Amino acid sequence: MSSHSNIGHFNVAVNLGLIKIEQYSSIARGNWITGFPDDSNSQHFSHQPDRKSHLIMGQHSAITKNHHIDCTNTIQIGNFVTIAGYASQFLSHSINIELNIQDSQPITIGDYCFLGTASTVLGGANLPSYSVLGANSLLNKTFTTPYHLYGGNPAKEIKELPKDLKYFTREVGFVI
């Protein structure tokens, strides 16, 4: 944990190799953060020897309360990101039904992103910088175009966002 970062009460974090929280970032209360040990002798994920159970949060980012964050594979959250509301899920692993094995993929959230309440983000997904994911959305693939609102089930590009939104121009925790 870097300076001025904070982890609230009633969080559970188990079986992670690393939790890195940069300065001024926070994890509020009641979150369930899980992983699968990197050095396990289990056959689960043995086909992924470079897999890491890491949660990495950039500066000035926040995970609000009552979310489930499955870090079986690395979850990278950029700078100035807000995971808002309640009951969002980040699920970096699932069953590969073609091979009938547990499989995992990393999740990446760019800088200056806002994720609405009750969203689901699956392994392999990417939300580009300067983006918003609408409430109750399913992000299950990689998007690359910044300054967009994404939403729906599954998420799709809904509209372009103005580059001068105050959310996208804040620095050091203050809106300019």
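Just so it is clear, the model here is predicted, and its values are computed rather than measured. Values below: all heavy atoms of this structure, side chains included; hydrogens, waters and symmetry mates excluded. For the single chain, residues carry numbers from 1 onward in sequence order.
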Among the clusters formed by ILVMFWY side chains lying less than 4.5 Å apart, do [X] and [Y] turn up in the same one?
| X | Y | value |
| --- | --- | --- |
| L165 | L149 | yes |
| I19 | I63 | yes |
| L16 | V121 | yes |
| I56 | I109 | no |

F36 vs H44, side chain to side chain contact (heavy atoms under 4.5 Å, CB included): CA-CA, chis, key distance, verdict = CA-CA 9 Å; F36 191 88; H44 293 304; 3.9 Å; yes
Distance check, rounded to the nearest 0.5 Å: [X] atom [atom1] versus [Y] atom [atom2]?
| X | Y | atom1 | atom2 | result |
| --- | --- | --- | --- | --- |
| I107 | N126 | CD1 | CG | 10.5 Å |
| R51 | S92 | CZ | OG | 8.5 Å |
| D38 | T74 | CG | OG1 | 8.0 Å |
| I33 | D70 | CD1 | CG | 11.5 Å |
| I95 | I101 | CD1 | CD1 | 10.5 Å |
| Y86 | T64 | OH | OG1 | 7.5 Å |

task = Take D103 and H47 through the side-chain hydrogen bond (donor to acceptor under 3.5 Å, both in side chains) test and state the conclusion after the steps.
result = CA-CA 8 Å; D103 205 3; H47 65 290; 2.9 Å; yes
So [Y] and [X], do their side chains get closer than 4.5 Å, heavy atoms only?
| X | Y | result |
| --- | --- | --- |
| M1 | I7 | yes |
| Y150 | P128 | yes |
| N15 | T34 | no |
| L127 | L139 | yes |
| W32 | H67 | no |

For [X] against [Y], the heavy-atom pair lying closest together:
| X | Y | value |
| --- | --- | --- |
| P146 | S131 | CA-OG, 4.0 Å |
| S137 | G152 | OG-N, 3.0 Å |
| I21 | S5 | CG2-CB, 3.7 Å |
| H60 | S25 | N-OG, 3.1 Å |
| L55 | I27 | CD2-CD1, 4.3 Å |
| K65 | A28 | N-CB, 4.0 Å |

Taking [X] for the side chain and [Y] for the main chain, is one N or O donor matched with an acceptor at less than 3.5 Å?
| X | Y | answer |
| --- | --- | --- |
| T142 | G124 | yes |
| N100 | I97 | no |
| S119 | G134 | yes |
| N79 | Q59 | yes |
| S40 | S42 | yes |

Sidechain N-carboxylate O distance under 4.0 Å for K159, E157 = no
query = When the aromatic ring centroids of Y167 and Y112 are compared, is their separation below 6.0 Å?
reply =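 Ring centroids of Y167 and Y112 are no less than 6.0 Å from each other.
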query = Do the ring centers of F168 and F80 come within less than 6.0 Å of each other?
reply =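 No, they do not, as the ring centres are separated by 6.0 Å or more.
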task = Show your working on side chain to side chain contact (heavy atoms under 4.5 Å, CB included) between L133 and F114 and close with a plain yes or no.
result = CA-CA 6 Å; L133 181 65; F114 180 91; over 6 Å; no
task = Evaluate the side chain to side chain contact (heavy atoms under 4.5 Å, CB included) criterion for residues L138 and L122: first the C-alpha distance (whole Å), next the side-chain angles of each, then the deciding distance (0.1 Å), finally the verdict.
result = CA-CA 8 Å; L138 169 65; L122 300 182; 3.8 Å; yes
task = Could you label the plane-to-plane angle of the F45 and H93 rings as parallel, tilted or perpendicular, counting under 30° as parallel and over 60° as perpendicular?
result = perpendicular
inquiry  = Under 3.5 Å, is there a donor on one side chain and an acceptor on the other for S2 and E22?
reply    =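 S2 vs E22: donor-acceptor pair found between side chains.
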request  = Report yes or no: do S104 and Q48 form a side-chain donor-acceptor pair below 3.5 Å?
outcome  = yes
